[in-house]
Amino acid sequence: MTLHAQQAPSRAWFVHQEAEAAKQPKPRLQWRVDPFMIVAGLIATAALLWALAPGWFAPFAPTDMDPQAILQAPSHTHLLGSDHMGRDVFSLIIYGARQSMMVGVGSAVISLLIGGFIGLVAGYLGGAVDLVTMRLIDIWLSVPSTLLVIIIATALRPNLGNVILTIGLVFAPHVARVMRSLVLSIKSRPFVEASRAIGSSHLSIILRHILPHTLSQVLVTLTLQVAFGMLMGAMMSFIGLGVVQDRPDWGFLLNQGRSYLTTAWWFATFPGLAITLLVISLNTLGEALRRRLDPRGKAA
Amino acid sequence: MTDLLAIKSLSVAFSARTGPMQVLDAVDLKIAAGETVCLVGESGSGKTATAMSVMRLIDFKGGAITDGAVQFDRHNLAALSQREMSVLRGRRIGLVFQEPMTALDPLFTVGQQIAEVLIRHRKLSRAASRKAAISLLDRVRIPDPEQRIDQFPHQLSGGMRQRVMVAIALACEPKLLIADEPTTALDVTIQAQILQLLKDIQAETGMAMLLITHDLGVAATMADRVVVMYAGRIVENAPAATLFARPAHPYTRGLLRSVVTKGLARNERLYSIEGSIPDLADPPSGCRFHARCPRAGLQCRVAQPPLELQGKSLVACWRPHEEPFTQAALTGRVISVAEPVRPSDDAALARVVALKKHYPLGRAWLGSRSVVRAVDGVSLEIRRGETLGIIGESGSGKSTLGRLLLHLERPTSGHVEFDGQNLSDHDTRSLRAARRHMQMIFQDPYGSIDPRWSIGDTIAEPLTVHAKLTGDERRQRVRELLDQVGLDPNWATRHPHNLSGGQRQRVAIARAIALNPRLIVADEAVSALDVSVRAQVINLLQDIKARLGLTYLFIGHELNLVRHISDRVGVMYLGRLVEIGPADAVLRRPVHPYTKALVAAIPEPDPARRASMAALDGEIPALIAQFQGCRFQNRCPAASALCREAEPELTALTGGRAVACHHPV
Amino acid sequence: GLQRTKAGGGARDELVVAYDGTSSSRFGLDPHNSGFAPLNRVMRSIYDNLTVLLPDQSVGPWLAESWEVSPDRTRYDFKLRHGVKFHDGTVFDAAALKANFDRLVGPNTVLYSRRSLGPYLSSEVIAADRLRVTLKRPFTPFLRNLSMTKLSIVSPTAVKKGGKLYAQKPVGTGPFRFIGVTPGAEIRLERNPDYRWAPSTAAHAGPAKLQKLTFKNVPEESTRVAVLRSGQAHVADLIPPQDLLGLKKDPAIRVLEKELLNTNYSLALNATRAPWNDPDIRLAVKLSLDINTIVRVVYLGTLPRAWSALSPSMFGSAEKILTDSWTYDLARAKEILTQKGWVPGPDGIRIKDGKRLTIDFLDAQGNREKRLDVVQFARRQLAASGIDLTVDSVSTGIWMNRIRSGDYDMTGGASFDSDPDILRSFYSPAARSAFASMRVVDPQLIAWLDAAAEEGDEAKRAEFYHQVQRRIDQQVYAIPIYVLIYNLATASQVKGVTLDAHGFPEFHGAWLEAA
Amino acid sequence: MAYVLKRLAAAALVVFGTVTLVFLILYALPGDPASLIAGDDAPPAVIARIRIQLGADQPLWAQYLYYLHGLVTGDLGRSFLTGEPVFGRLAAQLPATLELTFLSAGVAIVLGVLLGVLSAVHRGDWIDNLIQTITMTFTSMPEFWRGILLILIFSVWLHWLPAIGNGDLAQLVLPVACMGVGHAGVLTRTVRNNVLEVIEEPFVATLRGKGLLEGAILYRHVLRSALIPVITTFGMLVSQMLGGVVVIETLFARQGLGRIIAESVGSKDIPMIQGAVLFAALLSVTITVLVDLSYRWIDPRITL
Ligand SMILES: Nc1ncnc2c1ncn2[C@@H]1O[C@H](COP(=O)(O)OP(=O)(O)OP(=O)(O)O)[C@@H](O)[C@H]1O
Ligand SMILES: Nc1ncnc2c1ncn2[C@@H]1O[C@H](COP(=O)(O)OP(=O)(O)OP(=O)(O)O)[C@@H](O)[C@H]1O
Ligand SMILES: [Mg+2]
Ligand SMILES: [Mg+2]
């Protein structure tokens, strides 16, 4: 079974990861490089490079406003047209990659750290700790995540850090559940019991046996989380919880451009495509990664 | 006799990453109407692939028939379309799979699953098919078929599920039944029941049977002909009596020798075929067995031997054996093991006192608290230097006892003494320290080693935990240990995924002995291994024990094997110890009716001694119930009114034996 | 399928208006307690007023047939129109009017429109059709304020019955009466058949021609245009600039535009907090802004740039006086900042005593009317002179709290009104509204504003306000940005929709021409 | 039955926890509700009075108890802004949201199962790739963008469907399509992957061994087994849709819980937010319970 892309703030895929995690070792699927994956890899790499060194790729600075060239259709000067302030859409997208990636990666890392820790502890200790934690997580999950994001983001104030923190917090319990079932299944594998029989301490079992086995799943989760974080960030822009800045992220651009769709289609379309393509790519890669890194493949 | 099924020069390949992988190479096989043919061979030799090809189910697994024909009645099955095949499947050819746990759709009642095939092939109405299904259940001897028919697979025991599978296969009275390891996952007593059932039904209907098994005992019991496969080829095909009396192919002989039989004396070293089965992705040239064959010559290395008639046997060998094969001949060749350490009578290394372990069932809140009584009042002692074997059917609590002994789990009540100290008195830290004297070897050689660790790290893990060694000392010790278990010391940096099951189990053993422990619990340590490899590992365990003066608790379910390795044997049933005593005495002259039944149910690889197998009726009851009286009463031929009232205590007999039975034999 | 999408599903005399109610589904049509322009636009059709604002910004009779003002201008005797009835049957008379005033000044309520009554003291019923209103002191904006929806006349019976929930079941005397609401989505009105008291400005005197009038709240500007184009609505308001140009050229669409009487949208620095308490620094900020370009780019030439605090058509606006009174001067701005000790730091942003020159812009409205685009543009221009601007978007509640406690550097706002006295709600602490974006306390301004409120002479009064606006400009208490031209696009078969002198839509005379 | 009770007890616990959580988050919301209610020019005395009326001067625990008390007596309080009872307002808005959510869910599951099975059957070929690419694209689009495009295409250009409103079925088509199609992508993949997974199960080999036709195996057996994780996904999706209405309802100018939440958060109308989130959480918990119960119905093995 594979993981898949979903609408931001999606929960469904977590269920799969949980189910996945609980599964018994299986022979590994074949690793086949298909054209989709190559394209996905190229897109993700491009976005990453843009995020790292936008200056190398962008023909204009994101702050270059040309009052003479407002809402210009794509042309030689403005490959993807210009926006309502005369900025170059192509350059905005390149610079926006960093912001979008920061939202995506940042929130993913936060949810992984928090959720991962909770899931690890609950799964490993089991018993009452597990029961209580899982109930708390149920509670957290019973509020649809979009609502949770809105409420928390309103309570905090919308700057980049808080947007990232909010998305991270909202997704953390999902990660916790994935992590927990992962730990539960690894915990019951004989080599863990073997290590216990040897007399290894809990800490060393966790660090040396359990964590390494969650790594591939964690990587996959990270990849997919980045995608969700980005979509969620875009949604926050729409609701008005986005961050206004010189280098707007793609969601913000799309949101700004949305009312120009009939008059200047390129303004919204290209940032939208950027998000969508990157999300698709990350999902495709995440899925491939999961298959590739599957430790069960080696175990079987 | 006309051939019902004739497989001619069948070749099958799977598409693998590295290209096509030929798993069957020119297989020839014939089954006459009413005949039982057993297909035997080690894991991966292509037995299942053969069955699947006949059924053309191989197509769904990514395999394809690349050559040859499968003649069944008037059809060449290899050339039919899937649609045409589906008319034959289930109607003319029945199929029973190995795993009764997973071979039934968990979401449908057994009735629905039987009815389905009747509706499909015999065009019965719903009502009629239900009736027919009930009578089929009755025919495979499922009690209360009217009730059972509406139950779901998970509500049935493994044995019953396998009966349901048989019922499905028999629903349309097929001419041919293909059974792929139908009893491998079952307990011996249940295996005996199912095999008996198959025999009975065959006698009634006169169907032909292709029975796939890796157990030569089963083959001896069931087969008219035995076909031996090795690495995708048939190496020998002979009438059962001939094959067991005069195995011609060295591989067949090797297999037979590796089997631990009743007749084998305890202090003998087991025979084993050296090496392991080749990788089919890169099969060896010439005779595929030549690398492991003691008789191999130059010809064997370069030319593939044809399957040729020799006497009554078809053999594919350039240098077949001609002399008869006897147990005596085998015994004579065995090298004797080092003199075992004599168990001293009084010095108990470990003592188990009134030990109980109850597992709560499900999540026990807001509901009745039911428990599984996995171990329910066991007392015994393990003496220094001895091997105590524990046998019993699945679920009888053997593994739980093993884990309790090492205090991997806390007992519900009772306690364990190790070296005079009560383990329950230890705190976490001192318990961890105490662990260095007690180690465990697990059943699953694949699961019990962390696939991400190098072999060296795995073996060094106990050293890291307990011994303060420098890096060099540790590496040195790992090399020593690898050497001791017969692995190349240079393999320390390798990762386990390239290792065979037997090699992995050696790694596990090396890890277990790293700290020179005093007690090793080996829980089904060889059950997952092929016969030839199993013998290697057993020999290794024996050697190490002799060398290091270890004490073993050896848990297993192959009686002959346990008898071979153990000084004393304990028999468990439903969480209780029902009999204990010196191995030979208990297993050759059992006094408890249960032990007796177990012993009787073992199929011996000797067609001459075919017994009526179903030694024991009925199923093992669930462990949840609170028992009154003897736990064995419902299956016991000797049960009396007393047995229904009072639970028998373990009482000592002469010769160091004890039994828990009101009416010992 | 197309037929179904036509507005009203076939009823030819139902007019559907897609209005920008922002994303709020907050509903309440109590004219005395709503400063929310979109709902006031709806209320224009439900309620009438005592007076009507004429195109020349003078005041004419409506529900008040005439009035007499005492020489000291503290007593107003209103003679009321006869035969006027509320939608609930209540007769509109002096008692009803008094009830309206009493409601506004009642000690237990704090209604938004209270301020518009100024120094109101009491009123007394002289006859059934005569009411005398007494003020504590002269209050010149009084009559003009009475023309605003903020002081529309509500049914006292309905208010009593409705209590706190009156706003959910509004009852007025207007050409349309309220029949239902789908909160957040639409407000349904129907013709008031008894209506015979339209103001003199109306095209006809009788009841409205439309049978039904439905206001659909479509906060998405692109959706608003979409439903107009697809025929799901007949009218859409506040068309964004980028679409306005196209719609104006579309023969199937008619566009009505009218300047909204209000305070021009202005950016206001917090003059009570350092370093913005220094007028020179504020000046530097102002000089750094090329407002012409900002407005031209952001509004694509559809809105004029503003120079004064009051929209040009409003009485007393200093727009003409202030036009071109200063020019964008980056060099000068930099010079001032350098003089004041703010020197460029490593990233170009100026630093003084280790503090960066940063403007914390507090926003609660999002990009309504593209105001955030304005700010974003301004941010770029400010950066050129070494000032950093960050936008802090918060909810209304937080916005108010922080404005009140002075915890901000800059914010922006506008407020619709018909009299320049509205400036007091920004600059006079005694009359300041919670939505006021200024916190500055300037005694000079307060004095002028208070005097102007009492001044009877139009010319003198205007002069006061000119002074006020000049001072606001010179002191840079606020930087006016654009003049809002309210617009309404209608399908071409819609006739007779007008915009009143305030810039609010009137549907009394509207009808749908057969296609 | 005991199972159902147990499940309900757990659900009640979750709801209680949710109530507390929402209360705590909202308590932390900055901004003073009293001054909001009081209006623009309220003198401090009035604000103070209102604060007392609201109980905002009480300590946290007292406010919490007061809130719980209200809940138990079915009183969710009154809106700070309009004074109307929160419960009535929400109850009036709920049907519109439910209508939108359930129809979207229906569309998602029907499309998801159909396309998923089609995709699995054609595993690896162009149909599979096409379905996967299209659904993946839909799913990866920010929802509001998808919605705007739908409006432009079907309402503005083709004049087929109305873009806004809460009236007849036609007005539901676009919002339902926007939400349903997006989520269908998720389900399509889930169904596809589960079908492929189940097809590998040993019992399917048994079914083939029985001579059943592939169609019967697929639809009668495989799909049913594959459905269990699909239903979990589906439950999650419905819960997620309940959050997604904030976007959809704004975009398509519909009434509903989403609009209330969007608006109330902006104006700190705490009773309204509390009520709306509580409603959403209750719905989402109800769906989870239903999903859990449906497992039992589909899979006889499951016991808790
Ligand atoms: N679906 C598959 N794809 C590729 N290779 C396969 C597949 N199934 C089996 N094989 C390979 O085919 C060979 C023969 O397998 P087969 O299952 O027939 O062995 P077997 O004799 O039944 O063994 P066992 O006793 O373990 O059941 C093995 O090497 C196995 O790895
Ligand atoms: N952790 C556990 N929780 C609940 N029940 C358990 C647990 N471990 C074992 N059991 C139950 O206890 C009983 C005895 O299990 P145990 O594994 O000791 O049997 P065994 O004799 O080793 O069987 P096998 O031959 O199948 O390995 C079984 O019914 C099993 O289901
Ligand atoms: Mg097999
Ligand atoms: Mg066991």
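Within every chain, numbering begins at 1; the chains are lettered A, B, ... in the order of the sequence lines, protein sequences first and strands thereafter. Not measured: the values here are computed from a predicted model.
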Spacing of D:E143 atom CD and A:M235 atom CE [to the nearest 0.5 Å]: 9.0 Å
Chain D interface, residue from A:L278, A:T276, A:T262 that has the most non-hydrogen pairs under 4.5 Å: A:T276
Trace of the side-chain contact (heavy atoms from CB on, under 4.5 Å) decision for D:L196 with D:R192: CA-CA 6 Å; D:L196 286 181; D:R192 172 187 184 270; 3.8 Å; yes
Contact leader toward chain D among A:L273, A:T284, A:L136, A:L282, where contacts are heavy-atom pairs under 4.5 Å: A:L273
Non-neighbouring partners of D:F144 that pass ring pair (Phe, Tyr, Trp, His ring centres under 6.0 Å), sequence neighbours left out: A:F238
Pairs of heavy atoms under 4.5 Å with chain D: top-ranked of A:L147, A:L254, A:I150: A:L254
Test ring pair (Phe, Tyr, Trp, His ring centres under 6.0 Å) applied to A:W265 - qualifying residues, sequence neighbours left out: A:F270
Point-to-point distance, once rounded to the nearest 0.5 Å, from CG of A:D83 to CG of A:L253: 7.5 Å
Region of D:T133 that comes under 4.5 Å of a non-hydrogen atom in chain A: side chain
Straight-line distance of D:E249 CD to D:L257 CG, nearest 0.5 Å: 7.0 Å
Closest-packed option against chain A by number of heavy-atom pairs under 4.5 Å, given D:L242, D:T137, D:V15: D:T137
Contact leader toward chain A among D:T135, D:L278, D:N129, D:V285, where contacts are heavy-atom pairs under 4.5 Å: D:N129
Segment of D:T288 engaging chain A (4.5 angstrom heavy-atom cut-off): neither
Which atoms of D:L152 approach chain A - backbone, side chain, both or neither, heavy atom under 4.5 Å: side chain
